[in-house]
Amino acid sequence: MKIKLYNSNTKSKELFVPIDPKKVTMYVCGPTVYSYPHIGNARGPVIFDVLARLLRREFDLTYIRNITDLDDKIYQAADDEGVHISEVTQRYTKIYQEDMTALGVEKPDLEPLATEHIPEMIEMIQVLIDKKHAYESQGHVFFSVETFDDYGFLSNRTEEEQISGTRIKSSEIKNNQRDFVLWKPSTGETPGWDSPWGFGRPGWHLECSAMAKKYLGRTLDIHGGGSDLLFPHHENECAQSMCSHSGEPLANYWVHNGMIDFDNVKMSKSEGNLLLIRDLLKEIRPEVIRMAFLTTHYRKPINWNDALISDSGKKLDRLYGSIRQLGKISPGEPSEEVLNAIADDINTPKALSELFAIVKNINNAKSDEESRKLASILIGSAHLLGLMNQDAEIWFENIEVDKALIDHLLTEREAARSNRNFERADQIRQEIESLGVTIEDGPEGPVWKKL
RNA sequence: GGCAAGGUGGCAGAGUGGUUAUGCAGCGGCCUGCAAAGCCGUGGACGUCGGUUCGAUUCCGAUCCUUGCCUCCA
């Protein structure tokens with residue numbers, strides 16, 4: 001199967017060819033664990049989860065998604081709460097993992113912690129200093145951007161544009177405004193580690209370079225993350241890694257997912273419009289959230305609103321509705337069309353349309369046997385997207401309703417119907433609907449689902 | 001201002017140099033005690049202006065508009 005990916009580096013869709021024809025390495029930037037994850041934090045994991053599922057069919061995949069448990073925002077959060085830093089990082093790591101599991105995201109092969117790789121980072125800094133790509137200044141170590149001619153190649157930024165993005169101006173401690181920090185001193189309560197340059201902590205770009213190298217080697221097949229990480233984060237990762245090696249690229253394919261807007265405004269800290277996964281899950285079933293992500297191609301922005309949620313739920317109704325009367329179906333091999341859609345730069349909207357094509361065939365099938373065969377393909381295909389993981393009955397009946405009461409009323413209604421007392425039957429229908437459940441009379445008898 | 005992406009039918013959202021996207025919603029019909037689900041049929045689209053072409057929503061140029069990145073961010 002030919003897999004194509006849009007490479008942010010070349011700004012074009014390319015045929016995916018791994019370094020090793022049998023093995024693939026993928027590194028995706030994970031969360032900084034200092035608060036509850038919002039839905040924007042979940043889009044990437046869901047998309048790369050779909051990509052991982054596809055890649056695992058073809059290759060021996062090693063997928064790493066790191067946990068950033070070393071960051072000033074974490075120290076701030078711990079300080080605000082008056083608790084130990086590890087309490088904050090462990091709590092939010094656990095919450096993040098729970099939320100991802102809820103959304104059907106399979107675990108990566110490894111979730112390394114930044115704090116467990118300080119020696120690797122120090123080693124990389126030392127190499128950069130030895131190679132004259134970095135310099136020490138007053139307890140800090142800076143990467144010297146002018147020593148790397150290609151700096152800016154990934155994000156396609158000129159020197160002037162790079163400067164406009166720096167916060168700290170050239171000063172007595174920095175030679176060049178573009179230089180970024182590799183190591184900085186820690187004082188007071190701020191955590192730190194001993195290093196050749198004094199007690200301190202690493203800069204925020206370094207962990208990915210160090211951990212990617214340790215576990216996956218010098219050049220990754222795929223490096224992923226949100227599009228807002230392209231600059232400066234990924235640009236700086238490239239600079240560090242390439243200069244500490246011999247100029248080999250950090251990754252052959254750079255894959256970036258788009259952002260989520262909320263009422264057409266980007267969801268971000270500065271906008272104060274973060275929608276937490278945890279809060280959303282109180283109202284919406286997790287599979288609906290996943291469906292909402294897959295509705296739009298991963299590189300485009302998603303506008304998050306009630307219509308998206310309701311549409312996504314209805315799509316799942318149609319998928320599950322097609323297999324509802326078929327009993328237990330085990331997943332089969334996915335359809336070629338669905339596979340090809342995902343292989344074409346993770347075109348999940350196209351893949352969904354292929355799923356609906358199968359649904360149509362199931363609904364038109366002439367025999368139960370044919371339906372079941374198609375349903376098996378449908379479920380196998382949906383699993384590639386991480387959908388349809390539960391029984392159709394559970395999808396429709398799922399909920400906090402009083403099943404016993406509804407079943408009782410249904411029995412009563414059936415009795416009324418068989419006596420052709422339709423007035424009573426409709427009355428009971430009203431009663432049941434007031435409980436938030438609707439009835440569908442089918443050839444096998446009535447079934448119900450949540451409104 | 002610089003860089004990047006995009007403007008598709010009522011909404012969401014793929015795709016294509018000439019042929020039905022798909023889902024939801026609408027309309028007509030079948031089915032049903034009534035419904036629902038499902039099925040059949042149906043209307044409605046490619047921002048604007050030029051160019052290339054036998055033919056462009058699809059390629060090229062211009063223009064208007066939108067959005068993102070350039071500061072923490074996924």
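To find a chain, count down the sequence lines: A is the first, B the second, and so on, and within it residues start at 1.
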Which part of the nucleic acid, if any, lies within contact of [X], taking any heavy atom under 4.0 Å across all strands shown: a base, the sugar-phosphate backbone alone, or nothing?
X: A/His256; answer: nothing
X: A/Arg417; answer: base
X: A/Arg424; answer: nothing
X: A/Gly44; answer: nothing
X: A/Ile439; answer: base
X: A/Phe422; answer: base
X: A/Leu352; answer: nothing

Given the structure, check if the side chain of A/Asp228 and the base of B/C72 hold any donor-acceptor pair shorter than 3.5 Å.
no
Does NZ or CZ of [X] come closer than 6.0 Å to the centre of the six-membered ring of [Y], within 45° of the ring's axis?
X: A/Arg324; Y: A/Trp395; value: no
X: A/Arg65; Y: A/Tyr27; value: no
X: A/Arg299; Y: A/Tyr6; value: yes

With [atom1] as the reference atom in both, quote the distance from [N] to [M] in angstrom, rounded to an integer.
N: B/G41; M: B/C60; atom1: P; result: 37 Å
N: B/U16; M: B/U22; atom1: C1'; result: 15 Å
N: B/G6; M: B/C59; atom1: P; result: 10 Å
N: B/G44; M: B/G38; atom1: C1'; result: 24 Å
N: B/A12; M: B/A21; atom1: C1'; result: 13 Å
N: B/C24; M: B/U63; atom1: C1'; result: 35 Å
N: B/A35; M: B/G68; atom1: C1'; result: 47 Å
N: B/C39; M: B/C31; atom1: C1'; result: 9 Å

Output a table of nitrogen or oxygen pairs between the protein and nucleotides 37-39 of chain B separated by less than 3.5 Å.
from	atom 1	to	atom 2	distance (Å)
B/G38	OP1	A/Arg318	NH1	3.3
B/G38	O3'	A/Asn363	ND2	3.0
B/C39	OP1	A/Arg318	NH2	3.4
B/C39	OP1	A/Asn363	ND2	3.3
B/C39	O3'	A/Asn364	OD1	3.0

Can you work out whether A/Cys29 or A/Glu423 has the more 5'-proximal nearest nucleotide on RNA chain B?
A/Glu423
So which one's nearest nucleotide on RNA chain B is more toward 5', A/Asp311 or A/Ala42?
A/Asp311
Partner nucleotide, any strand, of [N] [Watson-Crick/G-U, under 3.5 Å]:
N: B/C54; value: B/G18
N: B/G9; value: none
N: B/C3; value: B/G68
N: B/U63; value: B/G47
N: B/C73; value: none
N: B/G28; value: B/C40
N: B/G33; value: none

Residue [X], side-chain heavy atoms: nucleotide from [options] that is nearest:
X: A/Ser353; options: B/G33, B/A21, B/C11; result: B/A21
X: A/Lys300; options: B/G6, B/C70, B/U67; result: B/G6
X: A/Asp441; options: B/A14, B/A35, B/A74; result: B/A35
X: A/Tyr6; options: B/A5, B/G33, B/C72; result: B/A5
X: A/Ile260; options: B/A74, B/C73, B/A14; result: B/A74

Salt bridge (Lys or Arg N to Asp or Glu O under 4.0 Å), that's the test. Do A/Glu111 and A/Lys107 meet it? Break it down for me.
CA-CA 8 Å; A/Glu111 293 181 276; A/Lys107 275 200 168 301; 3.3 Å; yes
Nearest-0.5 Å distance, CG of residue A/Asp221 to CE of residue A/Met26
10.0 Å
What is the distance, to the nearest angstrom, from the [atom1] atom on [X] to the [atom2] atom on [N]?
X: A/Asn347; N: B/U22; atom1: CG; atom2: P; result: 15 Å
X: A/Trp304; N: B/A12; atom1: CH2; atom2: P; result: 16 Å
X: A/His233; N: B/C73; atom1: NE2; atom2: C1'; result: 11 Å
X: A/Asp344; N: B/U16; atom1: CG; atom2: P; result: 8 Å

Side chain to side chain contact (heavy atoms under 4.5 Å, CB included), paired with A/Ser322, selected from A/Asn361, A/Leu355, A/Val359:
A/Val359
With respect to the phosphate group of B/G13, does any side-chain polar atom (N or O) of A/Thr295 fall under 4.0 Å of OP1 or OP2?
no
For A/Lys184, does the NZ atom sit with more than 12 other heavy atoms under 6.0 Å from it, leaving out its own atoms?
yes
Side chains of A/Asn236 and A/Tyr151: do they bring a donor and an acceptor to under 3.5 Å?
yes
Hey, would you say the A/Phe142 and A/His140 ring centroids sit under 6.0 Å apart?
yes
Would you call the rings of A/Phe180 and A/Phe143 parallel, tilted or perpendicular, taking 30° and 60° as the class edges?
parallel
